[in-house]
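Each chain gets a letter, A, B and so on, in the order its sequence line appears, and its residues count up from 1.
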Protein chains: 2
Amino acid sequence: MGVKAAIGPAPARKITSVDVARLAGVHQSTVSRAFSDDGSVAAETRARVLAAARRLGYTPNAIARSLITNQSNIVGVVMAGISSPFQPYVLEKFLQALQERGRQALVFSAPPGQEIDDILPAVLQYRVDGLIITSATLSSARLEDCARAGTPVILFNRNVPGGGASAVCCDNVEGGRLVANLLLDAGHRRLAYIAGSANSSTNRDREKGFTDRLYERGIVGTLREQGRYSYESGYEAARRLLERDDPPDAIFCASDIIALGALDLARERGVRVPDDLSIVGFDDIPMARWSAYALTTIRQPVDAMIAATLALLQERRAAPDAPPVTKLFPGALVERGSARRASGEAGGPVGG
Amino acid sequence: MGVKAAIGPAPARKITSVDVARLAGVHQSTVSRAFSDDGSVAAETRARVLAAARRLGYTPNAIARSLITNQSNIVGVVMAGISSPFQPYVLEKFLQALQERGRQALVFSAPPGQEIDDILPAVLQYRVDGLIITSATLSSARLEDCARAGTPVILFNRNVPGGGASAVCCDNVEGGRLVANLLLDAGHRRLAYIAGSANSSTNRDREKGFTDRLYERGIVGTLREQGRYSYESGYEAARRLLERDDPPDAIFCASDIIALGALDLARERGVRVPDDLSIVGFDDIPMARWSAYALTTIRQPVDAMIAATLALLQERRAAPDAPPVTKLFPGALVERGSARRASGEAGGPVGG
DNA sequence: CTGAAAGCGCTTACAG
DNA sequence: CTGAAAGCGCTTACAG
């Protein structure tokens with residue numbers, strides 16, 4: 001009533017369910033029930049509680065709830081580098097899917113290409129309900145820590161057979177085969193592969209599918225350049241390839257971002273795409289459809305893969321000791337302008 | 001000892017500090033101290049506790065800690081769309097900065113251009129220590145909810161004077177002026193502006209700085225196309241501009257991604273950049289330096305802006321009722337190949 | 001349908 | 001330096 005009151009309303013910090021209960025004239029446990037879906041509360045009581053809560057600006061404390069229910073509703077998402085365009089594309093979809101399901105995402109970024117063991121303790125401290133690791137791997141020691149903590153782990157876009165973790169992945173081997181078929185059917189015989197980071201399963205599998213199919217169809221002597229998953233890397237690798245005495249007439253790049261770099265280098269040197277050189281990527285990132293690139297590529301069915309990841313996480317939480325599974329999703333060939341069409345192919349629907 | 005033992009080690013779910021205390025032969029509070037930095041524990045005791053913890057695979061429960069310390073160590077990050085390339089670039093830097101400071105990030109993605117009021121309750125339930133909102137705004141009602149909950153809010157890359165929230169922002173008005181000067185000094189007189197989303201402060205400020213400076217220097221009749229922050233939008237807007245009877249010879253785009261679309265459209269139509277047309281963007285996203293684009297642009301000092309955001313958050317947590325402040329950071333002109341150089345300018349260092 | 005009480009796993013004065 | 005105890009803000013059997 002004195003001078004102090006004039007300073008302004010004392011900010012009533014830290015409103016709890018007890019405050020709401022007092023105002024609504026009920027017990028604290030009733031407040032709790034009013035905020036839970038299945039709590040049996042008289043409709044009228046609930047209305048009174050909710051009104052009091054609104055007046056006080058009360059929101060249930062999810063931290064306290066997590067502690068007692070032993071469920072945080074938080075999923076950990078660890079990404080190895082968000083800078084490569086496929087990653088934010090995936091992350092955004094994960095965030096949306098999680099939000100739709102009423103879950104939160106604690107997101108971590110790891111230096112690309114590295115193991116993410118250092119990050120794990122922080123993730124586990126927050127007792128996340130599950131852990132999604134995209135484009136990275138966890139050592140088996142850390143994987144065991146997760147198992148011991150009862151935290152299910154799903155590897156997204158990384159497939160380590162026998163690695164002890166469940167995985168959701170595009171069928172990269174089959175994708176590589178698809179590209180080999182496409183290029184061979186278009187008449188190419190002088191082929192090259194620009195690899196992504198050496199230690200990634202995506203690179204390994206895409207390369208394997210590609211070269212195996214080439215071999216099956218009698219092609220040998222395919223060129224190879226080691227790259228990383230970056231534009232600059234594709235640009236440089238393509239330079240080395242095109243400076244050869246016997247340059248390739250078709251290049252399969254381990255990912256779209258590599259292909260974009262290769263495409264730009266080719267153009268700069270006056271090599272016409274696809275007339276002189278076919279270039280194919282993998283992922284179908286948003287940029288692949290830019291008219292400047294019109295990249296022929298393999299599309300990963302990201303939405304289905306994300307839904308499967310979340311379903312698997314749920315499943316594993318119920319049955320933590322079930323053996324790891326791997327779910328493979330077929331990629332789809334998207335033909336745009338950067339690769340020659342099969343020679344036998346008709347010009348359009350009319351010709352069919 | 002019976003059949004059950006053969007099934008395997010019963011997974012000792014939910015190890016707590018009590019379990020560790022028992023194994024180490026100390027009280028539970030001593031375990032807690034051993035895991036805290038300043039807790040006074042005998043070195044030998046701490047070692048024993050840590051050994052026991054390792055053996056049991058114990059990690060302190062951060063959820064329980066948050067409840068008692070009233071500090072979650074979690075920062076909420078709300079982004080309006082991660083798909084535009086500047087956003088993941090910023091997000092990655094935020095995540096890294098937060099990790100370095102021992103903090104976690106609860107990340108939310110909102111539909112771009114929209115208000116993010118719906119997301120706020122979820123954020124507040126988790127009692128985040130602070131909230132960073134990038135490229136989006138909160139209604140004043142929701143801002144008040146945050147104030148009442150004692151959660152400091154910083155707007156990143158959005159500047160709403162008198163909006164009631166603190167903000168960290170590039171000086172977009174000054175950036176717009178810089179571009180006007182550059183283009184005028186290079187001899188351009190027929191100018192155009194491709195706008196970003198109409199309701200964004202970034203667009204408003206960049207346009208204002210640009211047109212004000214043009215006006216000051218006596219240029220009128222500047223063309224304007226409304227766009228959104230997307231490649232496609234820049235592509236289409238540039239088409240409309242270049243199909244005119246009196247096309248511009250220089251275009252300032254509200255952001256780099258718009259400029260990239262404009263650049264590609266120009267090329268497709270055989271318009272030479274920068275000989276026939278200068279194009280300037282804003283942000284300096286990683287793609288701007290790709291050799292295919294070599295985009296002249298304004299670089300936002302993102303690292304400094306992020307450090308300031310985090311410092312401000314810390315500050316506001318200590319003094320929640322301090323009035324909102326806005327920190328403006330100057331952008332830097334980065335001249336690459338997409339805009340003509342000033343006519344008076346020497347060709348290189350030799351000519352100086 | 002509602003109240004009273006126990007308990008989730010920690011931290012932190014308070015003694016000694 | 002260590003132990004004993006209170007308490008953070010909830011949920012959830014248990015009675016009634």
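For the pair A:T59 and B:G25, both in contact range of DNA chain D, the more 5′-proximal nearest nucleotide belongs to B:G25. With DNA chain C read from its 5' end, the first of the two nearest nucleotides for A:A42 and A:Q28 is the one closest to A:A42.
When both pairing distances are held under 3.5 Å, D:dA13 makes no Watson-Crick or G-U pair with any nucleotide shown. Nucleotide D:dA4 forms no Watson-Crick or G-U wobble pair with any nucleotide shown, as no partner meets the under 3.5 Å limit on both distances.
When each of D:dT11, C:dG9, D:dG3 is scored by its nearest atom to the side-chain atoms of B:K14, the top-ranked nucleotide is C:dG9. Side chain of B:H27, nearest nucleotide from D:dA5, C:dT2, C:dG3: D:dA5. Counting only heavy atoms from C-beta on, B:S29 has its side chain closest to D:dA5 among D:dC10, C:dG9, D:dA5. For B:R65, taking side-chain heavy atoms from C-beta onward, the closest of the listed nucleotides D:dT2, D:dC10, C:dC10 is C:dC10.
Cation-pi check for B:K93 over B:Y89 is met; the charged atom lies under 6.0 angstrom from the ring centroid and within 45 degrees of its normal.
Formation of a donor-acceptor pair under 3.5 Å by the B:D129 side chain with backbone atoms of B:N73 is found in this model.
B:F35 has its CZ atom 15 Å from the P atom of C:dG9, to the nearest Å. One atom, CG of B:L67, and another, P of D:dA6, lie 18 Å apart when rounded to the nearest Å. Here D:dC10 presents its P atom at 15 Å from CG of A:N73, a figure rounded to the nearest Å. To the nearest angstrom, P of C:dC10 lies 15 Å from CZ of B:R33. Per the geometry, OH belonging to B:Y126 stands 13 Å off P belonging to D:dC10, to the nearest Å. Counting to the nearest Å, the P atom of C:dG9 and the CZ atom of B:R22 are 12 Å from each other. Note: CD1 (A:I15) to P (D:dG9) measures 11 Å, nearest angstrom. If you take CG of B:N70 and P of C:dT12, they are 11 Å apart, rounded to a whole angstrom.
If you look at A:Y58 and A:F35, their ring centroids are closer than 6.0 Å.
Residue side chain A:R127 does not reach the base of C:dG9 through any donor-acceptor N/O pair under 3.5 Å, judged by distance alone.
In terms of heavy atoms, A:D117 sits closest to A:P121 at O-CD, 3.4 Å.
Under 4.0 angstrom from either OP1 or OP2 of D:dC10 there lies at least one side-chain N or O belonging to A:Y58. Contact annotation: A:T30 reaches the phosphate of C:dG3 (side-chain N/O to OP1 or OP2, under 4.0 Å). An OP1 or OP2 oxygen of D:dT2 is reached within less than 4.0 angstrom by a side-chain nitrogen or oxygen of B:T45. Phosphate proximity of C:dT11 to B:S36: absent, as no side-chain N or O sits under 4.0 Å from OP1 or OP2. Considering only side-chain N and O atoms, B:S17 lies under 4.0 angstrom from the phosphate OP1 or OP2 of C:dC10.
Across all strands shown, B:V18 has no heavy atoms under 4.0 Å from either base or sugar-phosphate atoms.
In this structure, A:Q71 places its CD atom where more than 12 heavy-atom neighbours from other residues, nucleotides or ligands lie under 6.0 Å away.
Of the listed residues (B:V90, B:V78, B:L91, B:L310), just one forms a side-chain contact (heavy atoms from CB on, under 4.5 Å) with B:I132, and that residue is B:L310.
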